[in-house]
*Asks:* 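This structure is in structure tokens; I'll ask about it shortly.
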There are 2 protein chains.
Amino acid sequence: MSGKNRAPRRSAEQQRDIYHHGDLKRALTDSALVLVAEKGPKGFSLSEAARRVGVSVAAPYRHFRDKAELLAAVAEQGFLQLHATLVDAGDSESGPHERIIEMGRGYVRWAVAHPDHYQVMFGGEIVKPDHPALLGAATRAFDDLLDAIAMGLGSGMLRGRDAREMAGPVWSLVHGIASLAIGGDLRHVGIRDDPETLAGRSLAQLLGVAEADSEPASSS
Amino acid sequence: MSGKNRAPRRSAEQQRDIYHHGDLKRALTDSALVLVAEKGPKGFSLSEAARRVGVSVAAPYRHFRDKAELLAAVAEQGFLQLHATLVDAGDSESGPHERIIEMGRGYVRWAVAHPDHYQVMFGGEIVKPDHPALLGAATRAFDDLLDAIAMGLGSGMLRGRDAREMAGPVWSLVHGIASLAIGGDLRHVGIRDDPETLAGRSLAQLLGVAEADSEPASSS
DNA sequence: ACCTGAACACCGTTCAAGT
DNA sequence: ACCTGAACACCGTTCAAGT
């Protein structure tokens, strides 16, 4: 009796068997994340991700509709990390201008530190509404900025009408700096400032405030 | 005698023979441009470009080192068009602020009108310094903006220290708007303004000037 | 339920061979 | 000098078949 009697036969591959016990999906996204960081979003291939994780090239299709859906999962992870970075950056400041500026600096810092990941998130290979979880994660990151602006408006210390209307230029500015810095385009035209510094200066200019010298003087 | 006696045998393919009389290079870039506009930079393939132009898939390698070099030629064409657009936009204005704003609007207008072309130019598939002609064309477009700022500084109507330092935020802002608009990201977070309008508003804010209502009132 | 093997159509790139 | 034909290694995706 008992058709389930399967003792662990190959002890060398024990870990692998356990790893894939319903978690091939996570294993693949982890592998994809590493591959994207190693060879860039262009060099990433679904086949290699499958090989690395020890399954056939057809196996991923049990967990992802296609390559784009796996990349969407990678992008989603990126937005979660970016969200955490923005929350951290915003927490360390009290005034609305400084808060927005520090969030912008944090945004650019994360982007240039993870250029390939950032390119997956914004490289245009994925249509975000096709992947609800990705769209949600992206929206959450944007909401961090939106909330900071709304708080500033509410306190009266920031002038403006609508938070969403004000968030457009701010996001565009930091995304533009991140994107051009990653592509090397700023450097190519002789702009050699550190991107994070450039973000701070640009945001101060956009918000119409004099810029603090480098890092904030104190946190008290 | 005469080994060159080759009368036109296949009249149907006469045009094609003439077309490739030393101009396969141009034929391929033209074909690539159409393909990129039709199927996006992602869907573009060197093989299909060759097929469309009526040569074998190996033929392009006589004229381009690899796929990237053909894409670089396409990107170069894009920067030439963008340059022309910026010159046009700048010519129609006299004050430095208005000039810069109109150039920014022109930049975004061209980008959203040619989204796939723009993605080839900034999608990160090409390393610009590897293709001197491309780098030159890109620099020329950036110089349009640089010149407008330098003129404003020279006339004293624009305040600031260094033109290149001021160009960074301006370019980043319009590139960010163009890029996020093309990716649909602005729409996804509820920012439904026309990108060109957003560019005008954002630049006015960055430059610290009150914005003119929509289009400039008159050209005199 | 989940994975493999094999197949399909399609790439980018190389190279000997043709004219 | 310029192009073809054929080959190579590599994709993404599908599907019958295995356990």
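These numbers come from the heavy atoms of this one structure, side chains and all, not from hydrogens, waters or symmetry mates. Lettering of chains follows the sequences in order, A, B, ..., and the numbering in each one begins at 1. Predicted model, so just to flag it, every value in this text is computed and none were measured.
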*Asks:* Picking from C:dT4, C:dT13, D:dT4, which would you name as closest to the side chain of A:S56?
*Replies:*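 Of the candidates, C:dT4 comes closest.
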
*Asks:* Between A:D193 and A:R201, is the closest basic N to carboxylate O distance under 4.0 Å?
*Replies:* yes

*Asks:* Near DNA chain C, counting only heavy atoms under 4.0 Å, which residues of residues 63-70 of chain B show up?
*Replies:*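 Only B:D66, B:K67 qualify.
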
*Asks:* Given the ring of A:F44, does A:K39 sit roughly above its face, with NZ or CZ under 6.0 Å from the centre of the six-membered ring and within 45° of the axis?
*Replies:*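 Verdict for A:F44: no cation-pi partner in A:K39.
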
*Asks:* To the nearest angstrom, how far is A:K42 atom NZ from D:dG12 atom P?
*Replies:* 11 Å

*Asks:* Side chain of B:L46 only, heavy atoms from C-beta on: which candidate in D:dC3, C:dT4, C:dT13 is closest?
*Replies:*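 Of all the options, the side chain of B:L46 is nearest to C:dT13.
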
*Asks:* Report the distance from atom CD of B:E48 to atom P of C:dC10, rounded to the nearest whole Å.
*Replies:*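 To the nearest whole Å, that distance equals 10 Å.
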
*Asks:* Can you measure B:R26 atom CZ to D:dC2 atom P for me and round it to whole angstrom units?
*Replies:* 16 Å

*Asks:* Quick one: B:L71 CG to C:dC11 C1', roughly how many Å, whole number?
*Replies:*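 Those two atoms, CG and C1', are 14 Å apart.
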
*Asks:* Taking the six-membered ring of A:F122, is the NZ or CZ of A:K128 close enough (under 6.0 Å from the centre) and on axis enough (within 45°)?
*Replies:* yes

*Asks:* How long is the span from the CG atom in A:L180 to the CD1 atom in A:I191, to the nearest 0.5 Å?
*Replies:* 8.5 Å

*Asks:* If you only use heavy atoms from C-beta on, which nucleotide in D:dC3, D:dC11, C:dC11 is closest to the side chain of B:L24?
*Replies:* D:dC3

*Asks:* Kindly express the pairing pattern of DNA chain D in dot-bracket notation, using | wherever a base pairs with another strand and counting only Watson-Crick or G-U pairs under 3.5 Å.
*Replies:* ||.|||||...|||||.||

*Asks:* Nearest 0.5 Å please: distance from the CG atom of A:L203 over to the CD1 atom of A:I100.
*Replies:* 8.5 Å

*Asks:* Begin from the C-alpha positions of A:Y118 and A:H175 and carry the test ring pair (Phe, Tyr, Trp, His ring centres under 6.0 Å) through to its verdict.
*Replies:* CA-CA 10 Å; A:Y118 194 80; A:H175 169 72; 5.8 Å; yes

*Asks:* From C-beta outward on B:Y61, which listed nucleotide comes closest to its side chain: C:dT13, D:dC11, C:dC3?
*Replies:* C:dT13

*Asks:* Would you indicate which nucleotide in D:dG5, D:dT13, C:dT4 comes nearest to any side-chain atom of A:V57?
*Replies:*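 Nearest listed nucleotide: D:dT13.
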
*Asks:* Of the candidate nucleotides C:dC11, C:dG12, C:dT4, which contains the atom at the shortest distance from the side chain of A:A58?
*Replies:* C:dT4

*Asks:* Of the candidate nucleotides D:dC11, C:dC11, C:dC3, which contains the atom at the shortest distance from the side chain of B:S47?
*Replies:* C:dC11

*Asks:* Round to a whole Å and report the spacing from CD of A:E125 to P of D:dG12.
*Replies:*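 Between P of D:dG12 and CD of A:E125: 11 Å.
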
*Asks:* Could you go through A:Q119 and A:D116, starting from their C-alpha distance and side-chain angles, then the distance that decides it, and tell me whether this counts as side chain to side chain contact (heavy atoms under 4.5 Å, CB included)?
*Replies:* CA-CA 5 Å; A:Q119 269 183 270; A:D116 299 303; 4.2 Å; yes

*Asks:* Nearest 0.5 Å, please: how far is CH2 in B:W110 from CG in B:D88?
*Replies:* 14.0 Å

*Asks:* Take atom NZ of A:K25 and atom C1' of C:dA1, then tell me their distance rounded to the nearest Å.
*Replies:* 15 Å

*Asks:* Going from CG on A:D147 to CZ on A:R140, what distance comes out if it is rounded to the nearest 0.5 angstrom?
*Replies:*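 Output value for this atom pair is 12.5 Å.
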
*Asks:* Taking CZ from B:R62 and P from C:dT19, how many angstroms apart are they, rounded to a whole number?
*Replies:* 17 Å

*Asks:* When you measure from the side chain of A:R51, which nucleotide among D:dC11, D:dT13, C:dT13 comes out closest?
*Replies:*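 Closest nucleotide to the A:R51 side chain: D:dC11.
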
*Asks:* Without swapping roles, check the side chain of A:R164 against the backbone of B:V189 for a donor-acceptor pair under 3.5 Å.
*Replies:* yes

